[in-house]
Amino acid sequence: MIQKNLAKVEENIAQACKRCGRDSKEVTLIAVSKTKPVTMIQEAMECGKREFGENKAQEMKEKYEVLPKDIKWHFIGHLQTNKVKYVVGRACLIHSVDSLHLAEAVEAESAKKDVISDILIEVNVAEEESKFGLKMEETLNLVENIAKMPHIRIKGLMTIAPFVENQEENRVVFRKLRELSVDIAKKNIDNVSMSVLSMGMTNDYEVAIEEGATYVRVGTGIFGERSLH
Ligand SMILES: *Cc1c(COP(=O)(O)O)cnc(C)c1O
């Protein structure tokens, strides 16, 4: 099932790239394996996947310990400062930094482990109350403050779009995130890149790609429905 699903998602990505004249190499599919067993990750690995997404720090750490080290783990969930120690040094990219307080904890843990942590800033473009992330207008200020931290590199922005019936409804959300990243890139802030746009999930990754996503995070479309957790 996973093999078939992966092939389908990859085909849809290729088609979306074609529609908007992008090279499909610009878009990386993160297989979101949260709540799913190690055996399913191994199955996806047999199909060549090496980029996986997790949203719980301890779960990511446990899977990290037992699975091959050539996996790239993306931390995509809300991160509490007391869990930063599980993620720094293990995740290739933390997608969900949304406060100075959290960035300070990532900086401190990265300094302690003598690593540089790549991060994205999570923006709540649609301003949904149920979601984490900064408001658009707060983003530049946080970027400027984090840019001064020697053990953190900002790579771009991330958003979680609302749940919608028709993915076209989220086009404006993705477009706004890209416009914000272009605006921030123009400031040429030292130590800050805006090359990554992490946006698009099972229900809306095609539109996200048309609007410039470089990472799409797909769980259900690859591993099937999750039971509540
Ligand atoms: C769970 C999750 C996803 C994947 O969601 P699907 O709808 O299953 O594709 C993507 N991004 C984040 C941040 C998530 O928590």
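In each ligand, atom 1 is the first atom listed, and ligand 1 is the first ligand listed.
With no hydrogens or angles considered, a side-chain donor-acceptor pair links S198 and R217 at under 3.5 Å.
Taking only nitrogen or oxygen atoms, main chain and side chain alike, K34 reaches within less than 3.5 Å of ligand 1. Checked by distance only, ligand 1 and R217 come closer than 3.5 Å through their nitrogen or oxygen atoms. At least one N or O atom of G219, backbone or side chain, sits closer than 3.5 Å to an N or O atom of ligand 1.
A heavy-atom separation below 4.0 Å is found between V218 and ligand 1. Residue contacts with ligand 1 include R226, since one of its heavy atoms falls under 4.0 Å from the ligand.
The protein heavy-atom contact nearest to atom 9 (O) of ligand 1 is T202 OG1, 2.4 Å. Looking at atom 12 (C) of ligand 1, its nearest protein heavy atom turns out to be I76 CD1, 3.5 Å. In this structure, atom 5 (O) of ligand 1 lies nearest to the protein heavy atom M201 CE, 3.5 Å. What sits closest to atom 8 (O) of ligand 1 on the protein, heavy atoms only, is T220 OG1, 2.5 Å.
Contact annotation: the side chain of M158 never approaches that of V123 to less than 4.5 Å [non-hydrogen atoms, C-beta and beyond].
By the 6.0 Å contact criterion, CD on E225 is open, its count of non-hydrogen atoms from other residues, nucleotides or ligands being 12 or less. Other residues, nucleotides and ligands place no more than 12 heavy atoms under 6.0 Å from the CD atom of Q3. More than 12 heavy atoms of other residues, nucleotides or ligands shown are found within 6.0 angstrom of NZ on K131.
For I160, every heavy-atom contact with ligand 1 shorter than 4.0 Å involves the side chain, none the backbone.
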Requested in this report: Apply the test side-chain contact (heavy atoms from CB on, under 4.5 Å) to residues R175 and E211: give CA-CA distance (whole Å), side-chain angles for both, the deciding distance (0.1 Å), then the verdict.
Outcome: CA-CA 6 Å; R175 188 167 295 173; E211 295 301 325; 2.9 Å; yes
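Geometric assessment of K69 against the ring of Y64 yields a positive cation-pi assignment under the 6.0 Å and 45° thresholds.
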